[in-house]
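Numbered from 1 within each chain, the chains take letters A, B, ... in sequence-line order.
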Protein chains: 2
Amino acid sequence: MHDMMASRPAPTPAPELQAAHVSESASKLASNPSFSPLYRQIKGLITRSLQQGDWKPGELIPSEADLARRFGVSQGTVRKAVDELAAEGLLLRRQGRGTFVSTHHEERVKFRFLRIVRDAAGDGARPVPQPMERQFLECKRSRASQEVARTLGIKVGESVTQIRRLLLLAGEPVVYEDIYLPGPAFRGLTAERLESYRGPLYALFESEFSTRMVRAEEKLRAVNASAQEAQLLRVREAEALLLVERLSFSYGELPAEYRRGLYNTRHHHYRNELN
Amino acid sequence: MHDMMASRPAPTPAPELQAAHVSESASKLASNPSFSPLYRQIKGLITRSLQQGDWKPGELIPSEADLARRFGVSQGTVRKAVDELAAEGLLLRRQGRGTFVSTHHEERVKFRFLRIVRDAAGDGARPVPQPMERQFLECKRSRASQEVARTLGIKVGESVTQIRRLLLLAGEPVVYEDIYLPGPAFRGLTAERLESYRGPLYALFESEFSTRMVRAEEKLRAVNASAQEAQLLRVREAEALLLVERLSFSYGELPAEYRRGLYNTRHHHYRNELN
DNA sequence: TAGTGGTCTAGACCACCGT
DNA sequence: CGGTGGTCTAGACCACTAA
């Protein structure tokens with residue numbers, strides 16, 4: 001047990017990692033009830049570095065060999081940790097170049113969370129039909145209602161930023177949604193900034209508000225359109241609309257955005273894969 | 001290159017695997033444009049054994065060490081292949097016991113494809129609310145319509161088995177769906193068998209019709225209830241319903257079932273996770 | 001106690017990328 | 001060319017399960 005640690009050469013670990021690494025044994029931590037394998041501990045350390053912003057979205061992280069030296073483990077162990085993070089979409093591996101922090105700026109993963117597809121589209125169709133046009137109807141500060149507060153895990157009446165917008169695909173209004181962002185982090189967000197920004201909202205949040213959305217949960221229902229909703233989406237009143245409530249999480253399972261979207265599914269559908 | 005193969009002891013591979021293994025070099029197949037790494041070839045061989053029914057759902061497959069000997073590769077290579085198949089839900093690993101072929105009979109994965117959740121349910125709620133009751137309204141042979149034929153990849157007018165049923169959760173009708181099964185494989189399916197069977201439909205298909213559903217694609221829309229649909233689901237006519245079209249695939253990406261379901265989302269919702 | 005999957009290591013070679 | 005991730009091996013030890 002102990003001689004394993006002694007025989008391992010001093011890895012001169014990065015300062016912010018040393019404590020965690022030294023406090024945990026590099027061996028299997030036998031008889032420890034809260035045991036977690038080494039590669040998961042490494043994964044936790046990398047995740048913490050991502051949370052802390054040591055490595056920012058789009059940036060190159062240290063090579064596997066480098067990380068293995070820092071953590072004082074073998075490259076294979078680092079590899080398994082990075083593999084899982086890549087599978088979860090937090091990191092992106094590129095052979096010959098290195099491992100990068102995932103970002104919503106990449107062309108490949110734009111509109112990663114928008115599952116709308118045009119009906120006519122074949123199997124290999126892009127997830128989000130083009131051309132896409134956005135109309136921002138509103139951007140204001142308000143107080144969290146009970147529903148919004150509960151969902152975002154904040155207190156009723158706390159400050160939230162609210163965005164109301166319309167998405168048009170090929171000229172047809174398809175999505176009408178309210179977006180709620182918690183706390184003072186998004187104070188600087190204005191209607192003008194939204195109008196002028198090219199690219200997905202999540203890319204804007206990442207670049208200018210230090211909030212990266214990592215994963216999301218959605219609840220889907222069918223509802224009848226109100227008069228106002230019908231007018232905006234150009235459907236008949238009481239026509240069926242797909243209600244999509246999305247709660248997005250940033251690093252560390254932190255709820256960071258709540259969306260309530262109404263989808264006009266006359267010529268588009270929500271696509272899902274089950275495994 | 002060649003001496004690698006020569007120096008490797010004869011693995012006495014299983015007959016059905018020998019051809020593929022011998023025809024491929026165990027080394028990296030350099031300069032082969034259709035190159036696939038060894039572990040993917042192994043994965044392909046295992047998948048083929050699953051398709052052929054060499055190992056049936058619920059059964060124990062050979063140990064990693066055993067497979068490694070058969071294929072003449074290291075255990076680590078087999079491990080990586082099995083890892084991917086387990087991640088895709090085709091295999092199930094159990095420490096200390098072995099690796100099993102996934103089955104819809106397991107308690108853990110019952111109703112794996114049914115994403116309906118009661119609204120009140122908390123985060124840790126079971127995916128499918130209990131008690132669940134099923135009413136089979138119809139089970140008949142018919143000819144594939146153009147839509148069904150196109151979806152299932154068969155010819156218009158070919159024989160299909162059609163099931164119409166209603167699912168009730170806590171006494172409330174929530175799902176009304178038409179199920180289309182291709183070809184003569186399901187000839188023996190009767191209303192009586194459906195009534196008497198306990199457990200998920202997919203478990204029945206697996207046990208008695210040698211068809212295991214591996215993955216599925218769904219298209220979701222909102223539609224207004226027809227008079228008949230409204231009556232069955234006990235909602236108002238024209239009330240919004242969630243239309244879920246599901247195409248399920250068996251081994252080898254074979255389309256094996258098409259479902260058209262209407263979900264009453266008054267007190268339940270469709271839950272989805274985005275990564 | 002024997003056998004299984006799970007973790008970890010050390011080292012080799014390859015494919016890919018930018019310089 | 002050097003550095004990166006990708007593949008593959010061989011061997012050790014651990015945790016879990018069933019007999």
Nearest-angstrom distance from the residue atom CG of A/Leu92 to P of C/dC17: 13 Å
Modelled atom types, side-chain donor and acceptor of B/Asp83 and B/Tyr39, under 3.5 Å: no
B/Ser248-B/Tyr258 side chain donor-acceptor pair, cut-off 3.5 Å: no
From B/Ile179 atom CD1 to B/Leu189 atom CG, the distance as rounded to the nearest 0.5 Å: 9.5 Å
Separation of atom CZ in A/Arg40 from atom P in C/dG6, rounded to whole Å: 11 Å
Distance in angstrom units between A/Leu60 CG and D/dG3 C1', rounded: 11 Å
side-chain N/O A/Ser63 vs D/dT4 OP1/OP2, d < 4.0 Å: yes
Gap between atoms OH and P, on A/Tyr39 and D/dC14 respectively (whole Å): 18 Å
Protein-nucleic acid N or O pairs under 3.5 Å, nucleotides 16-19 of chain D:
{"residue": "D/dC16", "atom": "O4'", "partner": "B/Gln95", "partner atom": "OE1", "Å": "3.3"}
{"residue": "D/dA18", "atom": "OP1", "partner": "B/Arg97", "partner atom": "NE", "Å": "3.3"}

Nucleic acid contacts - residues 77-86 of chain B versus DNA chain D, non-hydrogen atoms under 4.0 Å: B/Thr77, B/Lys80
d(CZ, A/Arg94; C1', C/dG18) in whole Å: 13 Å
Gap between atoms CZ and P, on A/Arg69 and C/dG11 respectively (whole Å): 14 Å
Atom pair distance, as rounded to whole Å: CD in B/Gln75 and P in C/dG5: 7 Å
Donor-acceptor pair between A/Glu257 and A/Tyr202 side chains, under 3.5 angstrom: yes
Nearest-angstrom distance from the residue atom CG of B/Leu38 to P of C/dC13: 17 Å
Criterion salt bridge (Lys or Arg N to Asp or Glu O under 4.0 Å) on B/Arg215 and B/Glu88, from CA distance to verdict: CA-CA 9 Å; B/Arg215 68 172 201 92; B/Glu88 292 168 18; over 6 Å; no
Candidate pair B/Leu92 and B/Glu106, rule side-chain contact (heavy atoms from CB on, under 4.5 Å), full reasoning: CA-CA 11 Å; B/Leu92 180 64; B/Glu106 291 157 42; 3.2 Å; yes
Phosphate OP1/OP2 of D/dG5 contacted by A/Thr99 side-chain N/O (<4.0 Å): yes
Nearest heavy-atom neighbours spanning B/Tyr197 and B/Arg134: O-NH2, 3.3 Å
Contact list for residues 94-103 of chain B, test side-chain hydrogen bond (donor to acceptor under 3.5 Å, both in side chains), sequence neighbours left out: B/Thr103-B/Glu206
CA sep, side-chain torsions, deciding dist, call: B/Met213, B/Thr211, side-chain contact (heavy atoms from CB on, under 4.5 Å): CA-CA 6 Å; B/Met213 304 302 174; B/Thr211 301; 3.8 Å; yes
